[in-house]
Student: 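Can you read through this structure? Questions will come right after.
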Amino acid sequence: MNIILLGPPGAGKGTQAQRLVERHGMKQLSTGDMLRAAVKAGTTVGLKAKAVMEAGQLVSDEIVSALIGDELDAMPADQGAIFDGYPRTAPQAESLEAILASRGRSLDRVIELEVNEDALVERITGRYTCATCGKGYHDTFEKPAVEGTCDKCGGHEFKRRPDDNEETVRTRMAEYRAKTAPILPIYEAKGIVARVDGMADMDDVTAAIEAIIA
Ligand code: AP5
């Protein structure tokens, strides 16, 4: 099964994608994670993407679509894909269709996480991850069981994203409204959109998504 998780910054796409990976053996294809890895490694793509990401704007369609194609090529043909943060523009949506078709795949579901944008700033500015294994946490909503120790790997170092400040979050939301939300009708016309209340408890959101992909 190949699905898109769609929603504004902080909607819970990454949180839910990680859960689907753990429970269903699917692969998360997060263009945000791929770009952050490229920035960290100092690759040509990373050098082009760094300032754009820090400003909360969108990296070029060509760059992100090439990253997605490469990741799909590295996956077993029968493993399900969760597209997290891609596509984000109409040209990316077109590219995804061609990328999937050329690899004998098709899109099964687009799951839109519906959220109240006012709550998202709190979600994003409070989140952090384990610097060792990448597990996500939040100052208020998802703390480690033992303060300062990662539940998953026992690591003690945590980090925050440079684009998780309020000003940049507002720009990212404006980009979502202007360029990403308008691609939904493409998938509505195909009858593959399902909507989930992204403001619900995380476990309830997961259960709703699992019911859709069952
Ligand atoms: P990207 O990394 O994709 O960021 P984003 O879309 O802004 O999404 P986030 O990761 O911020 O949010 P999320 O929905 O995954 O929420 P999360 O699960 O973490 O992109 C970053 C940048 O890269 C872009 O701005 C752009 O520059 C570039 N980029 C990436 N892809 C691109 C593309 N395709 N084209 C062009 N440029 C691209 O949850 C947030 C917090 O809320 C967490 O702390 C979590 O614990 C908490 N939370 C989650 N769910 C719940 C819940 N139900 N209740 C309470 N708290 C919750």
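Note that these values count all heavy atoms, side chains included, but never hydrogens, waters or copies made by symmetry. Model, not experiment: these values are computed from the prediction.
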Student: Search all heavy atoms of Val59 against all heavy atoms of Ala49 and return the closest pair with its distance.
Tutor: CG2-CB, 3.9 Å
Student: Do you see a donor-acceptor pair shorter than 3.5 Å between the side chains of Tyr86 and Ser30?
Tutor: no
Student: So Asp197 and Val205, do their side chains get closer than 4.5 Å, heavy atoms only?
Tutor: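 Val205 does not reach Asp197 side chain to side chain.
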Student: Going only through I, L, V, M, F, W and Y residues with side-chain contacts under 4.5 Å, is there a path from Tyr187 to Ile68?
Tutor: yes
Student: With distance as the sole test, does Asp108 use its side chain to make a donor-acceptor pair with the main-chain N or O of Asn2 at under 3.5 Å?
Tutor: yes
Student: Group every Ile, Leu, Val, Met, Phe, Trp and Tyr by side-chain heavy-atom contacts under 4.5 Å, then state whether Leu20 and Leu113 land in the same group.
Tutor: yes
Student: Kindly give the heavy-atom pair with the smallest separation between Ala38 and Val45, and that separation in Å.
Tutor: CB-CG1, 4.0 Å
Student: Is it true that, when you exclude Glu97 itself, more than 12 heavy atoms of the residues, nucleotides or ligands shown sit nearer than 6.0 Å to its CD?
Tutor: no
Student: What's the verdict on salt bridge (Lys or Arg N to Asp or Glu O under 4.0 Å) for Glu175 and Arg88, showing C-alpha distance, side-chain angles and the deciding distance?
Tutor: CA-CA 9 Å; Glu175 289 281 78; Arg88 261 177 152 98; over 6 Å; no
Student: Do Glu188 and Ile183 make a side-chain contact, defined as non-hydrogen atoms from C-beta onward lying under 4.5 Å apart?
Tutor: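 No, their side chains stay 4.5 Å or more apart.
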Student: At what distance, to the nearest 0.5 angstrom, does CZ of Arg109 lie from NZ of Lys190?
Tutor: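 The CZ atom of Arg109 sits 14.0 Å away from the NZ atom of Lys190.
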Student: With rounding to the nearest 0.5 Å, note down the distance linking CZ in Arg170 to CG in Asn165.
Tutor: 11.5 Å
Student: What are the two closest heavy atoms between Val115 and Pro8, and how far apart are they?
Tutor: CG2-CG, 3.5 Å
Student: Can you tell me how far OG1 of Thr206 sits from CZ of Arg23, rounded to the nearest 0.5 angstrom?
Tutor: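 The OG1 atom of Thr206 is 5.5 Å from CZ of Arg23, to the nearest 0.5 Å.
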Student: Atom CZ of Arg36 and atom OG1 of Thr129: how far apart are they, to the nearest 0.5 Å?
Tutor: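 It comes to 8.5 Å.
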Student: Would you give the length of the straight line joining atom CD of Gln16 to atom CG of Leu5, rounded to the nearest 0.5 angstrom?
Tutor: 7.5 Å
Student: Any chance you could measure Met173, atom CE, to Thr180, atom OG1, to the nearest 0.5 Å?
Tutor: 12.5 Å
Student: Under 3.5 Å, side chain of Thr168 to main-chain N/O of Asp164, donor-acceptor pair present?
Tutor: no
Student: What heavy-atom pair brings Met26 and Val21 nearest, and what distance separates the two atoms?
Tutor: O-CG2, 3.4 Å
Student: Under 3.5 Å, is there a donor on one side chain and an acceptor on the other for Thr125 and Glu166?
Tutor: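 Side-chain D/A pair, Thr125 to Glu166: absent.
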Student: So if you build clusters from Ile, Leu, Val, Met, Phe, Trp, Tyr with side-chain heavy-atom gaps below 4.5 Å, do Leu35 and Ile82 land together?
Tutor: no
Student: Counting C-beta onward and ignoring hydrogens, is there a side-chain heavy-atom pair between Cys153 and Cys130 closer than 4.5 Å?
Tutor: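 Side-chain contact under 4.5 Å: yes.
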Student: Are the charged groups of Glu142 and Arg127 less than 4.0 angstrom apart, N to O?
Tutor: no
Student: Quick check: does any side chain N or O of Arg123 sit under 3.5 Å from a backbone N or O of Gly10, one acting as donor and the other as acceptor?
Tutor: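 Confirmed, Arg123 side chain pairs with Gly10 backbone.
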Student: Answer yes or no: is there a donor N or O on one side and an acceptor on the other, between the side chain of Ser102 and the main chain of Ile99, under 3.5 Å?
Tutor: yes
Student: Between Ile212 and Ala194, which heavy-atom pair has the shortest distance, and what is it?
Tutor: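 For Ile212 and Ala194, the tightest heavy-atom pair comes out as CD1-CB, 3.7 Å.
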Student: For Arg195, is there any backbone N or O sitting under 3.5 Å from a side-chain donor or acceptor partner on Glu114?
Tutor: no
Student: Would a hydrophobic clustering, with Ile, Leu, Val, Met, Phe, Trp and Tyr connected at side-chain separations under 4.5 Å, put Ile63 with Phe83?
Tutor: yes
Student: When clusters are formed by joining ILVMFWY residues with side-chain heavy atoms under 4.5 Å apart, either directly or through shared neighbours, do Leu58 and Leu96 land in the same one?
Tutor: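 Cluster IDs for Leu58 and Leu96 differ.
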Student: Assess the side chains of Asp61 and Thr89: does a donor N or O sit below 3.5 Å from an acceptor N or O?
Tutor: yes
Student: Pick out which of Glu210, His24, Met202 makes a side-chain contact (heavy atoms from CB on, under 4.5 Å) with Arg19.
Tutor: Met202
Student: Between Leu29 and Ala81, what is the shortest heavy-atom contact and its length?
Tutor: CD1-CB, 3.6 Å
Student: Determine which pairs satisfy ring pair (Phe, Tyr, Trp, His ring centres under 6.0 Å) with at least one residue from residues 152-172, sequence neighbours left out, and list them in order.
Tutor: Tyr128-Phe158, Tyr137-Phe158
Student: List the steps and the verdict of salt bridge (Lys or Arg N to Asp or Glu O under 4.0 Å) for Asp151 and Lys135.
Tutor: CA-CA 8 Å; Asp151 297 341; Lys135 177 164 173 33; 5.2 Å; no
